[in-house]
Engineer: 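Please find one structure pasted underneath; my questions will follow.
Counting convention: from 1, in listed order, for ligands and their atoms alike. What you see below is based on every heavy atom in this structure, not just the backbone, and it leaves out hydrogens, waters and symmetry mates.
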Amino acid sequence: MNENDITVNLAPGSKIDSVDFENLTFGNVFTDHMLICDYKNGVWEKPVIKPYEPFLIDPSAKVFHYGQAIFEGMKAYKDENDDVWLFRPDQNYERFNKSATRLAMPEVPENVFMGGLKKLVEIEKAWVKKGKGNSLYIRPFMIATGPGVLAAPALFYRFMIILSPAKSYYSGEVKVLIAEHFSRAANGGIGAAKAAGNYSAQFYPTKLANEQGYQQIIWTDDATHTKLEEAGTMNVFFRINDTLYTAPTSERILDGVTRKSLIDVAKREGINVEVRPVLVSELVEATENGTLQEVFGAGTAAVVNPIVGFSYKEKYYELPKQENSVALFLKEKLNNIQYKLAEDTFGWTVKI
Ligand SMILES: *Cc1c(COP(=O)(O)O)cnc(C)c1O
């Protein structure tokens, strides 16, 4: 299949002129078109790009009852020559199919995911604005559309891609609560999959944290709550004594594209990086003896999200103010690759 095997029904007009690109809130505005590809009885049908609109679905569809739903999050960037670039899309594609397998959903063929994605972004090129901070957020996802409340995997699925213009955002001062009871993921569970259910499971503990004045939770291992694993829906890094630490990925920790890219960029820049489990007790000790420099989340939406303080066992620990933030340095280096402002020494960028 090549891109001619995608049916394209263009919208009669564009709503782009009604969008205020200077004042976007994340994930609220969608472009003119979307991609749909249905899977029925073991076969993927021909993908269709059509105007963005709601669709009908049977009330007994298994996505509503048993949560067969997975997604990806990635971005397209425009360079100074108006060329549009994806960042490591192969990584998102691979991870998507790993998530699919874990939820007993069919794998999506490369020509549907990648071919569809490239064609859709090409059609919506005008929605990718130039300039650092501007991007087009890409949301591929798959749901079980097959009907019936029998608790078994569905026979019908729908793969879709929707696109949302995004602006870099400043999240404000982020204070986090270290989890002592709730867990995001457990060994043998679905924590390593980008499954919708992992997010709904986080909402309630995060709401409780918000009520106490914390924006996010740092998740710890479910068995002992002694190891630091992720920050909200991001991977997490700690800078102690000029070394950058982050936990190895596992069944409980999502293999973030930003995380592994930051590790490679940091190493290239001569920064000491250690991938190993980091204990809550180490973090507390490093704060008390003054060796803790930075804590930050890492993910596609913001690249890095600096954390200003954390609470553990009812005690709040404030991080020192950083003159030379390694988090912001690495963000700049990664952004420069993504926007084609620096040489892509890793071969990560893919032109649309
Ligand atoms: C998506 C996600 C991340 C970040 O992954 P990126 O590929 O860097 O965007 C980290 N942790 C969790 C739980 C996630 O769902």
Side-chain angles (χ1 to χ4, degrees), residues 26-27 67 69-77 86-100 102-103 113 117 135-142 164 166 168-169 171 174 176 179 182-187 189-203 205-206 209 215-222 227-238 244 246-266 275 278 295-307 327 330-331 333-335 337-338 346 348-350:
F26 182 76
I70 59 167
F71 67 94
E72 267 305 324
M74 49 209 289
K75 281 178 170 179
Y77 309 85
L86 300 173
F87 182 72
R88 308 186 77 178
D90 54 314
Q91 300 298 312
N92 298 92
Y93 172 60
E94 269 177 39
R95 189 169 70 188
F96 191 76
N97 277 341
K98 277 190 196 155
S99 301
R102 181 62 185 84
L103 273 85
F113 188 103
L117 174 55
S135 65
L136 186 64
Y137 184 77
I138 303 169
R139 171 53 64 89
F141 63 104
M142 175 162 50
S164 176
S168 73
Y169 58 82
S171 47
V174 176
V176 295
F182 291 106
S183 303
R184 192 195 79 86
N187 283 336
I190 60 170
K194 240 174 149 63
N198 286 332
Y199 282 62
S200 51
Q202 282 189 222
F203 289 164
T206 306
Q215 286 70 41
Q216 275 303 344
I217 293 181
I218 291 201
W219 300 103
T220 50
D221 66 296
D222 61 298
K227 295 176 200 156
L228 300 157
E229 306 218 308
E230 297 215 52
T233 58
M234 303 175 102
N235 294 113
V236 66
F237 285 81
F238 306 91
L244 216 46
T246 191
T249 56
S250 69
E251 286 193 315
R252 301 184 305 268
I253 300 182
L254 192 114
D255 184 8
V257 180
T258 314
R259 172 189 171 279
K260 59 187 164 198
S261 304
L262 289 177
I263 291 172
D264 288 348
V265 171
V275 177
V278 182
V295 180
F296 57 95
T300 295
V303 182
V304 304
N305 213 343
I307 289 164
L330 291 175
K331 175 179 179 166
K333 291 285 172 196
L334 195 59
N335 272 159
I337 295 173
Q338 291 164 330
F346 300 99
W348 285 337
T349 51
V350 176

Engineer: Out of all atoms in ligand 1, which are within 4.0 Å of some heavy atom of Met234? Include the element for each.
Structural biologist: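 Result: 10 (C), 11 (N).
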Engineer: Indicate yes or no: at least one non-hydrogen side-chain atom of Arg259 is less than 4.5 angstrom from one of Val275.
Structural biologist: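 SC-SC contact between Arg259 and Val275 confirmed.
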Engineer: Under a 4.5 Å cut-off applied to non-hydrogen side-chain atoms, are Ile337 and Trp348 in contact?
Structural biologist: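 Yes - at least one pair of side-chain heavy atoms lies under 4.5 Å apart.
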Engineer: What's the shortest distance from atom 9 (O) of ligand 1 to any protein heavy atom, and which residue and atom give it?
Structural biologist: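 Protein heavy atom with the smallest distance to atom 9 (O) of ligand 1: Thr300 OG1, 2.6 Å.
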Engineer: Measure the shortest side-chain to side-chain distance between Ser135 and Phe87 over non-hydrogen atoms and say whether it is less than 4.5 angstrom.
Structural biologist: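 The answer is no; the side chains never approach within 4.5 Å.
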Engineer: May I ask you to identify the nearest protein heavy atom to atom 15 (O) of ligand 1, giving residue, atom name and distance to one decimal place in Å?
Structural biologist: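 Sorting protein heavy atoms by distance from atom 15 (O) of ligand 1 puts Tyr199 OH, 2.5 Å first.
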Engineer: For ligand 1, which atoms sit closer than 4.0 Å to a heavy atom of Glu230?
Structural biologist: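 What qualifies from ligand 1 is 10 (C), 11 (N), 12 (C), 13 (C).
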Engineer: Taking N or O atoms only and a 3.5 Å limit, does Gly73 qualify as a polar contact for ligand 1?
Structural biologist: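 Min N/O separation from ligand 1 is not below 3.5 Å for Gly73.
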Engineer: Look at the aromatic rings of Phe237 and Phe296 and report parallel, tilted or perpendicular, splitting at 30° and 60°.
Structural biologist: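 Parallel.
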Engineer: Can you tell me which residue and heavy atom of the protein come closest to atom 2 (C) of ligand 1, and the distance to 0.1 Å?
Structural biologist: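 Scanning the protein heavy atoms, the shortest distance from atom 2 (C) of ligand 1 goes to Lys194 NZ, 2.5 Å.
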Engineer: List ligand 1 atoms under 4.0 Å from Gly256, heavy atoms only on the residue side.
Structural biologist: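 Ligand 1 atoms under the 4.0 Å threshold to Gly256: 5 (O), 6 (P), 7 (O), 8 (O).
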Engineer: If I apply the N/O under 3.5 Å rule, does Arg95 come out as touching ligand 1?
Structural biologist: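 Right, the criterion is met.
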Engineer: Taking the six-membered ring for Trp, are Phe113 and Phe96 parallel (under 30°), tilted (30 to 60°) or perpendicular (over 60°)?
Structural biologist: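 The arrangement is tilted - the two ring planes meet at 30° to 60°.
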Engineer: Check whether any side-chain heavy atom of Leu244 sits under 4.5 Å from a side-chain heavy atom of Leu330, and report yes or no.
Structural biologist: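 Yes. Closest side-chain heavy atoms under 4.5 Å.
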Engineer: State plainly whether the residues Glu230 and Arg184 are in salt-bridge range, i.e. N to O under 4.0 Å.
Structural biologist: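 Looking at Arg184 together with Glu230, the answer is yes, because their closest N to O distance falls below 4.0 Å.
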Engineer: For ligand 1 and Thr258, I'd like to know whether there is a polar contact (N/O to N/O, distance under 3.5 Å).
Structural biologist: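 The answer is yes, given that Thr258 and ligand 1 share an N or O pair closer than 3.5 Å.
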Engineer: Tell me: protein heavy atom nearest atom 13 (C) of ligand 1, and distance?
Structural biologist: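 Looking only at protein heavy atoms, the one closest to atom 13 (C) of ligand 1 is Arg184 NH1, 3.2 Å.
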Engineer: Hey, mind stepping through Tyr93 and Arg95 against side-chain hydrogen bond (donor to acceptor under 3.5 Å, both in side chains) and telling me if it holds?
Structural biologist: CA-CA 5 Å; Tyr93 172 60; Arg95 189 169 70 188; over 6 Å; no
Engineer: Could you tell me which atoms of ligand 1, counted from 1 in the order shown, lie closer than 4.0 angstrom to a heavy atom of Thr233?
Structural biologist: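 Numbered from 1, ligand 1 contributes 2 (C), 3 (C), 10 (C), 11 (N), 12 (C), 14 (C).
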Engineer: Could you tell me if any non-hydrogen atom of Gln91 lies under 4.0 Å from any atom of ligand 1?
Structural biologist: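 Judged by the 4.0 Å heavy-atom criterion, Gln91 does not count as contacting ligand 1.
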Engineer: Looking at ligand 1, would Glu72 count as a contact under a 4.0 Å heavy-atom criterion?
Structural biologist: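 No, Glu72 has no heavy atoms under 4.0 Å from ligand 1.
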Engineer: Would you say NZ of Lys98 has more than 12 non-hydrogen atoms from neighbouring residues, nucleotides or ligands within 6.0 angstrom?
Structural biologist: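 At most 12 heavy atoms, drawn from other residues, nucleotides or ligands, come within 6.0 Å of this atom.
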